[in-house]
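What you see below is based on every heavy atom in this structure, not just the backbone, and it leaves out hydrogens, waters and symmetry mates. All chains are named by letter (A, B, ...) in the order of the sequence lines, taking the proteins before the strands, and each is independently numbered beginning at 1.
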2 protein chains.
Amino acid sequence: MTSPLQIDCKSCAYKSSCIYEVLKGSEKELLNKGKVVNEYRKGEIIYKEGSAATSCFFVQEGALKLSKETLSDKPFFITLRKSGTTIGMESLNNHSNYESTAQCITDITCCALTSRMIYSLIQKSRAACSFLAFQYNDFISDLYTHLTIMSTEKANVRIARSLLTLLEVGKGKLANIRIEDLAAISGTTRETTSRALSRMKTNKIISVSNREINILDEQKLKNFIQ
Amino acid sequence: MTSPLQIDCKSCAYKSSCIYEVLKGSEKELLNKGKVVNEYRKGEIIYKEGSAATSCFFVQEGALKLSKETLSDKPFFITLRKSGTTIGMESLNNHSNYESTAQCITDITCCALTSRMIYSLIQKSRAACSFLAFQYNDFISDLYTHLTIMSTEKANVRIARSLLTLLEVGKGKLANIRIEDLAAISGTTRETTSRALSRMKTNKIISVSNREINILDEQKLKNFIQ
DNA sequence: CGCCGGCTTGAGAGCAATCAAAGTAAGTGG
DNA sequence: CCACTTACTTTGATTGCTCTCAAGCCGGCG
């Protein structure tokens, strides 16, 4: 994490998808003064499961993954979160801890908002309340979808999905992701992932050069997942 | 659903786990006047996926399941919710629909709260806000756990878990649940469930008479899931 | 009695995890 | 520049779990 950026919300490129959009004048200023804009590099950890939840984060740009510790050494991947979402809402509970670990899978810009500030906004503005409820419900809906996919779909379909999602958050190109990470996101093993990719390679759906995956035929990939 | 009950929150047995607990005098009265106490029988549907989300429900007593429609005829089981939880929080979004179907697996008593009322409470009381955030976070944490279990554990472990959960919500006894439903809750098939139960029967962990399952050795069942 | 719904049991097939070994690319130091 | 290390990927073989299909069983009810 580099040192915080000085950005005025008024000139922020992401203000329209942020809570800023729904606030009135004085509340806007409260947010503007209180928020902290941070940049993180790919791989960095924004917060760790079990640590004190003090802030939530509005993700402006980039994508990250939430995961949970397990008894084994490998963390269990929960879900991806991308631009326009809010993470770390555990902070809205008093004295509670983050339930998951948030780690960047691309470079990220996000706004940290303390729960104290959020609560002042909520008290002043019904719209802020609605915004938060929307964020919560959106996240839950996301988890429903993810749960359904993980429980009902075959490994190669999940892998195809992961590729498409990564393509989307990477704005049309896959940041050179390791097979191991792709496997984790798809909820399968390195070997299975490797085999699935090989099959896609022979079907001319993807190509791999320099350990970098390129999507050749997005439509075929989409057909894969129906 | 039978006709609403007339219960004063003041004398409600569940008030201590409800939002009532955190409210001040006048807000308490607002809740008391506005809430509607409903009773549902096992199997009844409280709300259906896709229908307009107008109320959320505080579950006083009993247990229910949330599920989502699928392309196949079988709905996909999402998670169980029990006493002390709030469901249907989709209603806090304006003009949105329920994301899942809520169906009772035991008889249920619950309080219906309109989003309009919830919002008035939130505006008046920071504690009400915290209560709701807590409900949301609790639910999400539940989904995390469920996701992890469904993705990483074997069928027989999931079945053992389901039995324990049902035992808990049934206050020590399993309402005579059908194998098919137990299978759905465990995310597996009738046959696999039947086989797992047979094995438990030979190990004297459970007994079955008249299609009713009895837990003989709760400790062994717990060892099962570690 | 015969039928029906739900449960049980068996056999077979398929998917994906695991174990094992070889291959490949990038980086390091002489 | 080359040999060597290291990290990661690929491929193969095996195993085990669970699904599916199929047949039979059990208890209740008309």
Polar-atom pairs under 3.5 Å, protein N or O versus N or O of nucleotides 23-28 of chain C: list them with distances, or write none.
{"unit_1": "C/dT24", "atom_1": "O2", "unit_2": "A/Arg211", "atom_2": "NH2", "d": "3.3"}

If you measure only the distance, is there a donor-acceptor pair under 3.5 Å linking the side chains of B/Thr70 and B/Ser72?
yes
Salt-bridge contact B/Lys42-B/Asp107 (side-chain N to carboxylate O under 4.0 Å):
no
A/Lys74 with A/Glu180: basic N within carboxylate O range, under 4.0 Å:
yes
Beyond-backbone contact of B/Tyr20 with B/Lys15, side-chain heavy atoms, under 4.5 angstrom
yes
Under the side chain to side chain contact (heavy atoms under 4.5 Å, CB included) rule, collect the residues that match up with B/Asn223, sequence neighbours excluded.
B/Gln219
Can you label the angle between the B/Tyr40 ring and the B/Phe57 ring as parallel, tilted or perpendicular, going by 30° and 60°?
perpendicular
In whole angstroms, the gap separating C1' of D/dG27 from CD of B/Glu212 amounts to 15 Å
Using side chain to side chain contact (heavy atoms under 4.5 Å, CB included) as the criterion, list what pairs up with A/Glu218, not counting sequence neighbours.
A/Leu164, A/Leu167, A/Ile215, A/Lys222
Expressed as a whole number of angstroms, how long is the span from B/Leu197:CG to C/dT9:P?
10 Å
Round to the nearest Å and state the distance from A/Arg178 atom CZ to D/dT10 atom C1'.
16 Å
A/Arg190 vs D/dT9: side-chain N/O to OP1/OP2 distance below 4.0 Å:
no
Side chains of A/Thr148 and A/Thr145: donor-acceptor distance under 3.5 Å anywhere?
no
Classify the angle between the aromatic ring planes of A/Tyr136 and B/Tyr136 as parallel (below 30°), tilted (30 to 60°) or perpendicular (above 60°).
parallel
Under 3.5 Å donor-acceptor pairs involving side-chain atoms of residues 78-94 of chain A, not counting sequence neighbours:
{"unit_1": "A/Thr79", "atom_1": "OG1", "unit_2": "A/Asp142", "atom_2": "OD2", "d": "3.1"}
{"unit_1": "A/Lys82", "atom_1": "NZ", "unit_2": "A/Glu168", "atom_2": "OE1", "d": "3.4"}
{"unit_1": "A/Lys82", "atom_1": "NZ", "unit_2": "A/Glu168", "atom_2": "OE2", "d": "3.0"}
{"unit_1": "A/Thr85", "atom_1": "OG1", "unit_2": "A/Lys82", "atom_2": "O", "d": "2.6"}
{"unit_1": "A/Thr86", "atom_1": "OG1", "unit_2": "A/Gln135", "atom_2": "OE1", "d": "3.0"}
{"unit_1": "A/Glu90", "atom_1": "OE2", "unit_2": "A/Glu99", "atom_2": "N", "d": "2.9"}
{"unit_1": "A/Ser91", "atom_1": "OG", "unit_2": "A/Cys56", "atom_2": "N", "d": "3.3"}
{"unit_1": "A/Ser91", "atom_1": "OG", "unit_2": "A/Gly88", "atom_2": "O", "d": "2.9"}
{"unit_1": "A/Asn93", "atom_1": "OD1", "unit_2": "B/Phe134", "atom_2": "N", "d": "3.3"}
{"unit_1": "A/Asn93", "atom_1": "OD1", "unit_2": "B/Asn137", "atom_2": "ND2", "d": "3.0"}

Heavy-atom check, side chain of B/Lys65 versus side chain of B/Thr101, under 4.5 Å:
no
Rounded to whole Å, the CD1-C1' distance (A/Ile177 to D/dT9) equals 15 Å
I need the residues from residues 198-208 of chain B with at least one non-hydrogen atom less than 4.0 Å from DNA chain C; give them sorted by number, or say none.
B/Ser198, B/Lys201
Heavy-atom protein contacts under 4.0 Å, nucleotides 11-19 of chain C, coded B base, S sugar-phosphate only, - none:
B---SSSBB
D/dC17 C1' sits how many Å from B/Met150 CE, rounded?
16 Å
